[in-house]
Peer 1: 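Have a look at the structure that comes next, please.
FYI, the numbering just counts along the sequence from 1. Order of listing sets the numbers, starting from 1, for every ligand and every atom in it.
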Amino acid sequence: MDRIIIRGGRPLEGRLPISGAKNSALTLLPCALLTDEPLTIRNLPRLADVDSFGHLLNQLGVSTTIEGTKPEEFGRVMTMRATSLTATMAPYDIVRKMRASILVLGPILARAGEATVSLPGGCAIGNRPIDLHLKALEAMGARLEMSAGYVRAIAPGGRLPGGTVKFPIVSVGATENALMAAATARGRTVIENAAREPEIVDLCRCLQRMGAKIDGVGTSTLTIDGVKELHGATYAVMPDRIEAGSYACAVGITGGRLELEGARADEMQATIAGLREAGVEVEERENGLLVSATGELKPLTLSTDPYPGFATDMQAQFMAMLTRAHGSSVLTETIFENRYMHVPELSRMGADIQVKGRTAVVHGVEQLNGAPVMATDLRASMSLIIAGLAAKGETQVNRVYHLDRGYERLEEKLSAVGADIERDSDG
Ligand code: UD1
């Protein structure tokens, strides 16, 4: 199994291109199910999750063609066409490996009048149910049947009537499923307490380009007037704000100066505020962000929240950075339980962190030391990379497949800006 080897202690310096956002790509791809015309998605990151999603779409009858950007270029172009659906089910095997595959539920239901998906089961970052996805579809007129670990959603008469969806808590995925299902419903759907993440805005814009009628984009109340059919379109994935934030944390801990090409400040306000408070300089540039740091960090108090709050997907990377701050930081995770699995691994590298319930207190230390480590989810794995970049000696990050799910050519990007990092494929 591959592993990544880092010899830490080098400042990062130079230009680093930010890829298309994983979480946006994963909600734009299922839009192809909503029309019999081609949907072309540009700026698609080369990631294992994107490939897996493509395979799932193939199984449902969607043809996919990837236009060949050269290996040295970033951002692929994928054209998908669902002339007709050949299956209406997302099986356990796929949903278990990639939770985002639940995002086919809404569009299949809208297109075929019925859809079956496996219930996802447990997940490394806690119990992540899909009750909100199901309640939303029910509020829009779907009938649900559960059996043997699967849920089947049926639209009476083949088309959902639409309705009012009131989310008790903010859910990105459930908002996305509801939006896609509502686009071709018979009537109006109102989604209250909708997620406002930039990836939701990206989804709305893509659906609008396909002919959907959506009001309130970017707010917590979305009104969708269903149209009879959607048409083909071309749409470019937004830059990955989490990838950009992760590399900014890397500069924070190593010191140096990185130009994050393509990163958009307006979608990263909470991350930028946190970086600045910690003593990392962030400047807005025409085509990206300039991040610079001396390696001297101040402690922070942070709590994760739905957008525009501080993203749960940035918590682990900030924690890694703050292990070297002068003083004690307090981080509170409010979105997911079990999202501190990087803590014992960071501790093995010399970090001083105490977790009590949902709160972690990080006492800054003078120095981290390299060690063999591994993590059980994507962002936790990135926190170990960040720690490794600053640690003394060699860090081996195992279970690289987590990183390959969400960071395009991580070791290539980091070594191009001065890190001593490589992939060991025989490990
Ligand atoms: C998405 C992102 C993920 C990010 C998360 C929160 C993708 C592919 N993934 O995940 O990277 O960390 O948003 O920003 O875009 N919940 C329920 N019932 C449900 C659905 C969710 O109780 O039916 C709970 C979850 O357990 C969690 C909270 O709602 O506590 C928010 O989860 P949600 O926003 O749905 O996360 P995802 O869409 O899975």
Side-chain angles (χ1 to χ4, degrees), residues 20-31 45 47-50 52-53 56 94-106 117-139 144 151 153 165-181 191 193-203 220 237-238 240-243 245-246 267-268 270-271 303-318 332-341 358 377-383 402-403 405-407:
K22 171 182 83 80
N23 285 354
S24 185
L26 295 179
T27 189
L28 295 175
L29 296 182
C31 291
L47 297 172
D49 269 10
V50 169
S52 307
F53 213 106
L56 169 60
I94 294 178
V95 179
R96 183 178 55 87
K97 281 196 215 123
M98 184 180 45
R99 192 187 141 80
S101 46
I102 192 76
L103 294 174
V104 298
L105 176 62
V117 293
S118 164
L119 297 169
C123 158
I125 59 173
N127 184 23
R128 293 170 85 176
I130 59 162
D131 56 316
L132 298 174
H133 299 242
L134 301 179
K135 284 199 179 106
L137 297 177
E138 231 174 358
L144 302 176
V151 54
V165 178
K166 292 181 184 164
F167 284 121
I169 58 168
V170 176
S171 163
V172 174
T175 303
E176 291 167 345
N177 246 331
L179 264 165
M180 290 186 278
I191 307 177
N193 201 20
R196 287 181 281 165
E197 267 67 5
E199 292 77 12
I200 303 269
V201 174
D202 226 24
L203 170 63
S220 53
V237 181
M238 64 176 272
D240 198 318
R241 62 194 173 104
I242 307 298
E243 186 197 24
S246 304
E267 289 159 354
M268 299 175 55
T271 294
S303 175
T304 63
D305 253 321
Y307 190 85
F310 182 78
T312 173
D313 283 353
M314 283 306 307
Q315 178 259 109
Q317 302 90 312
F318 263 74
T332 304
E333 174 59 58
T334 69
I335 310 288
F336 292 111
E337 51 192 283
N338 258 348
R339 212 172 184 180
Y340 284 136
M341 280 148 342
R358 299 205 150 208
D377 80 61
L378 169 60
R379 307 303 170 188
S381 299
M382 188 60 189
S383 77
H402 288 299
L403 291 163
R405 288 185 44 216
Y407 288 90

Peer 1: Supply the atom-to-atom distance D313 CG to K22 NZ, rounded to the nearest 0.5 angstrom.
Peer 2: 7.0 Å
Peer 1: Could you tell me whether E199 approaches ligand 1 through its side chain, its backbone, both or neither, with non-hydrogen atoms closer than 4.0 Å?
Peer 2: neither
Peer 1: Counting both backbone and side chain atoms, is some N or O of L132 under 3.5 Å from an N or O of ligand 1?
Peer 2: yes
Peer 1: For residues K166 and N193, determine if any side-chain heavy atom of one lies less than 4.5 Å from a side-chain heavy atom of the other.
Peer 2: no
Peer 1: Under 3.5 Å between any N/O of S171 and any N/O of ligand 1: does that happen in this structure?
Peer 2: yes
Peer 1: Could you tell me whether N23 and ligand 1 have an N or O pair separated by under 3.5 Å?
Peer 2: yes
Peer 1: Any nitrogen or oxygen of K22, main chain or side chain, under 3.5 Å from a nitrogen or oxygen of ligand 1?
Peer 2: no
Peer 1: Is the side chain of D202 donor-acceptor paired with the backbone N or O of S24 at a distance under 3.5 Å, no angle test?
Peer 2: no
Peer 1: Is there a heavy atom in R339 that sits closer than 4.0 Å to ligand 1?
Peer 2: yes
Peer 1: CE of M268 to CZ of R241: how many Å apart, nearest 0.5 Å?
Peer 2: 9.0 Å
Peer 1: Just jot down the ligand 1 atoms closer than 4.0 angstrom to any heavy atom of R99, in number order.
Peer 2: 39 (O)
Peer 1: Tell me, do V172 and N23 make a side-chain contact under 4.5 Å, heavy atoms counted?
Peer 2: no
Peer 1: Compute the shortest N/O to N/O distance between P129 and ligand 1 and return yes if it is under 3.5 Å, no if not.
Peer 2: yes
Peer 1: Scan L203, T27, V117 and name whichever one has a side-chain contact (heavy atoms from CB on, under 4.5 Å) with L103.
Peer 2: T27
Peer 1: Quick check for you: to the nearest 0.5 Å, what is the distance between H402 atom NE2 and D49 atom CG?
Peer 2: 11.0 Å
Peer 1: Output yes when a side-chain donor or acceptor of E337 lies under 3.5 Å from a complementary backbone atom of E333, and no otherwise.
Peer 2: no
Peer 1: Using a plain distance cutoff, I'd like to know if I335 has any nitrogen or oxygen under 3.5 Å from a nitrogen or oxygen of ligand 1.
Peer 2: yes
Peer 1: Should I242 be listed as contacting ligand 1, given a heavy-atom distance under 4.0 Å as the test?
Peer 2: no
Peer 1: So is A174 in contact with ligand 1, going by heavy-atom distances below 4.0 Å?
Peer 2: no
Peer 1: If you measure only the distance, is there a donor-acceptor pair under 3.5 Å linking the side chains of R339 and T312?
Peer 2: yes
Peer 1: Minimum heavy-atom separation for A181 and L137, please, with both atom names.
Peer 2: CB-CD2, 3.6 Å
Peer 1: Would you mind telling me if ligand 1 is within reach of the side chain of D313, the backbone, both or neither, using heavy atoms under 4.0 Å?
Peer 2: side chain
Peer 1: Relative to the heavy atoms of T312, which atoms of ligand 1 are at a distance of less than 4.0 Å?
Peer 2: 6 (C), 12 (O), 14 (O)
Peer 1: Distance under 4.0 Å to a non-hydrogen atom of V170: what atoms of ligand 1 satisfy this?
Peer 2: 31 (C)
Peer 1: Using a plain distance cutoff, I'd like to know if G173 has any nitrogen or oxygen under 3.5 Å from a nitrogen or oxygen of ligand 1.
Peer 2: yes
